[in-house]
Protein chains: 2
Amino acid sequence: MSEQDLTTLVQFFKALANESRLKLVGALAQQERSVEELASILELKEPTVSHHLSKLKKLQLVHMRVEGNTHYYYLDLDALQAMQKATLTATQVAQPVSEDIWETKVLNSFVENDVIKEIPASRKKRRIILKWLAQKFELERLYPEQELNQIIKPIYPDTATLRRELVGYNMMQREDSIYQRVLETNWRMDSNY
Amino acid sequence: MSEQDLTTLVQFFKALANESRLKLVGALAQQERSVEELASILELKEPTVSHHLSKLKKLQLVHMRVEGNTHYYYLDLDALQAMQKATLTATQVAQPVSEDIWETKVLNSFVENDVIKEIPASRKKRRIILKWLAQKFELERLYPEQELNQIIKPIYPDTATLRRELVGYNMMQREDSIYQRVLETNWRMDSNY
DNA sequence: GATCTAATTAGATACTTATCTAATTAGAAG
DNA sequence: CTTCTAATTAGATAAGTATCTAATTAGATC
């Protein structure tokens, strides 16, 4: 969802997020009407109605036709329906950047120059750090424990803890002191990890 | 559209008529997220996010799941879509009372005790008075001019004007000084009447 | 049990806006 | 050309609300 679409959508919702304007739309759904007429139907003063109509007009949800002194307003049903359809899709559309924003922020605060400053206490954040660490290992390759340690040590001295965590999240598998990276789809997602 | 539906609809639009909340919905469309995470994605403080989430929660557009200290919020896609569908129909639904409100008001101000106090200057209002007057005549019946006058006179002394107006709007037809009421569907609707 | 973490609640501020009355504009009618 | 009518614009007020910081709660960790 682009920035432009977002503001347009907000404007649209704002336009209808008001009892008087919603009633106006309802009254105009039947037929065109003058300002005076609308004021009497809604039991509001004419300037107030004029104010609301100008907002709807700015969004092209209504249009106006002049006849003598009378201004007849009518609904743009197409515009209205187009907007409503747009909301159906827009609110469901993924914005794939969201996740990265969060992960980047967590990484920035716990990693500096490829060195882990501190291991986050919360599982949520720890998982992000470990994910970052796991990606340093190739998928096909087998890593003896000693080699694993050599890679991890400059990143974080307590290699034992990280080894244990990596296996715990099932980001790496261990067999006879030989480690191998696991496909991301198989990583543990339980609430305990 | 009932009063209840109207307020519900206004509440719904209000909930989405805000950039932050719309972004929240977008972020939650992908997956559930913690308050902290959402705050970092939207670049807002946590209390602010909490405030917005509580509004969405009150309308049941999102729900929450607790896990330790973390509160995970997730979208109620069904509720969202149901609401959106409701708007599609609601804004188009006629509220058949609107017209009567206006007509009644005009009648009240120009007619009293079945007597026309004054003939409105504006065509719009004049038409309403004449419509009321025309309904005093039966459809099938033929009215000689003299009988017509007898009926109109107690309502408004200047019978000539009213006769002319009724014919002008094509609410009544005249042939050899005999008048007959015209079916409403054939009344003149031009901008000059 | 003391400390830490994530979230909520309370309170304050600044911005928006719905509504009214009064003033102004523009067209119609006498 | 003066008067009347419908609508808009201007200006004022009051209500609502998005956001922040500070304080509080509740759960987890050491």
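Letters A, B, ... mirror the listed sequences (proteins, then strands); counts begin at 1.
Taking 4.0 angstrom as the limit, Y73(A) places none of its side-chain polar atoms (N or O) nearer than this to OP1 or OP2 of dA6(D). Distances shorter than 4.0 Å separate none of the side-chain N or O atoms of K45(A) from OP1 or OP2 on dA22(C). Side-chain N/O atoms of K55(B) include one lying less than 4.0 angstrom from OP1 or OP2 on dA18(D). For dA18(D), one of the phosphate oxygens OP1 or OP2 lies less than 4.0 angstrom from a side-chain nitrogen or oxygen of H51(B). Here T48(B) does not reach the OP1 or OP2 of dA18(D): none of its side-chain N or O atoms lies under 4.0 Å away. Taking only side-chain nitrogens and oxygens, S50(A) never comes nearer than 4.0 Å to OP1 or OP2 of dT9(D). For the OP1/OP2 pair of dA6(C) and a distance below 4.0 Å, the side-chain nitrogens and oxygens of K125(A) include at least one atom meeting the criterion.
Between the D176(B) side chain and the I178(B) main chain, no donor and acceptor come within less than 3.5 Å of each other.
Comparing E46(B) and H71(A) by the nucleotide of DNA chain D that holds the closest heavy atom to each, the one mapping nearer the 5' end is H71(A). Of the two residues contacting DNA chain C, namely G68(A) and E43(A), the nearest-nucleotide position lying further toward the 5' end is that of E43(A). Along DNA chain C, the nucleotide nearest to S54(B) and the one nearest to E118(A) differ in position, and the one closer to the 5' end is contacted by E118(A).
Within 4.0 Å (heavy atoms only), T70(B) reaches sugar-phosphate atoms of the nucleic acid but no base atom.
Candidate nucleotides dA26(C), dT17(D), dT8(D) were compared by shortest atom distance to the side chain of K14(B), and dT17(D) ranks first. For N18(A), whose side chain is taken as the heavy atoms from C-beta onward, the closest listed nucleotide among dT5(D), dA7(D), dA18(C) is dA18(C). You'll find that the side chain of P47(B) is closest to dT8(C), out of dT8(C), dT21(C), dA7(D).
What separates CG of L42(B) from C1' of dT19(D) is a distance of 13 Å, to the nearest Å. A straight line from CZ of R33(B) to P of dA6(C) spans 17 Å, rounded to a whole angstrom. Per the geometry, OH belonging to Y72(A) stands 13 Å off C1' belonging to dT5(D), to the nearest Å. Protein atom CG of L44(A) is 18 Å distant from nucleotide atom P of dT17(C), rounded to whole Å. Rounded to whole Å, atom P of dG30(C) lies 12 Å from atom CD1 of I119(B). Note: CZ (R126(B)) to C1' (dA28(C)) measures 12 Å, nearest angstrom. Between L56(A) atom CG and dA18(C) atom C1' the separation is 14 Å, expressed in whole Å. The separation between L16(B) atom CG and dA18(D) atom P is 12 Å, rounded to whole Å.
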* Stepwise, does the side chain to side chain contact (heavy atoms under 4.5 Å, CB included) test hold for V115(A) with I155(A)? -> CA-CA 4 Å; V115(A) 173; I155(A) 296 173; 5.8 Å; no
* salt bridge (Lys or Arg N to Asp or Glu O under 4.0 Å) evaluation trace for E19(A) with R21(A) -> CA-CA 6 Å; E19(A) 183 169 334; R21(A) 281 193 294 269; over 6 Å; no
* Walk me through it: do R174(B) and Y179(B) pass the test side chain to side chain donor-acceptor pair (under 3.5 Å)? => CA-CA 5 Å; R174(B) 170 184 149 150; Y179(B) 292 78; 3.1 Å; yes
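Follow the hydrophobic side-chain contacts under 4.5 Å out from L133(B) and you reach L107(B) in the same cluster.
Side-chain contact check for Q180(A) versus E175(A): every heavy-atom pair is 4.5 Å or farther apart.
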